[in-house]
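Below you'll find the structure, written out as structure tokens, and then a few comments.
Sequence positions, counted from 1, serve as the residue numbers for this chain.
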Amino acid sequence: YTTLFRSIEVGGVRLYEGIDFMSRTPEMSDEELNDMHARAEKAGLYPYGASPEQMHHIERKSSSDDVHNAWQTLWEVVGVNKLLDMAAEITKESII
């Protein structure tokens, strides 16, 4: 799993900020979710809405609803999916 912080700022005014916890598994245990919150807190993301009280859960689509679009095809051609896999492994190894 990974944590992603997104922010849109225009002319010094923050229009949007969001924090996404993403997992490759369709179900996350409470322990895994708590671990994500701990990592977000350690990264200094709590002031931006990463605490459990500030977040909401969005159900993951079922794997039978496979989506494959032009962006995914481009990412695969460029190799972004492989870079993300490598980053996930490096991050996992650095935590252990």
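Under a hydrophobic-cluster definition in which Ile, Leu, Val, Met, Phe, Trp and Tyr are linked whenever side-chain heavy atoms come within less than 4.5 Å, directly or via other members, L74 and V80 are assigned to the same cluster. By the rule that hydrophobic residues join a cluster once side-chain heavy atoms approach within less than 4.5 Å of another member, V13 and I8 end up as members of one cluster. No continuous path of hydrophobic side-chain contacts links M36 to Y46 [ILVMFWY only; heavy atoms under 4.5 Å].
With a 6.0 Å radius and a threshold of 12 heavy atoms from other residues, nucleotides or ligands, E9 has its CD atom above the threshold.
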*Verdict with supporting geometry, S51 and Q54, side-chain hydrogen bond (donor to acceptor under 3.5 Å, both in side chains)*: CA-CA 5 Å; S51 70; Q54 296 170 309; 2.8 Å; yes

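Atom CG of residue D30 and atom NE2 of residue H37 lie 10.0 Å apart, to the nearest 0.5 angstrom.
Using a 4.5 Å cut-off between side-chain heavy atoms of Ile, Leu, Val, Met, Phe, Trp and Tyr, M86 falls into a hydrophobic cluster with L83.
Between W75 and N81, the shortest heavy-atom distance links the atoms O-OD1, 3.6 Å.
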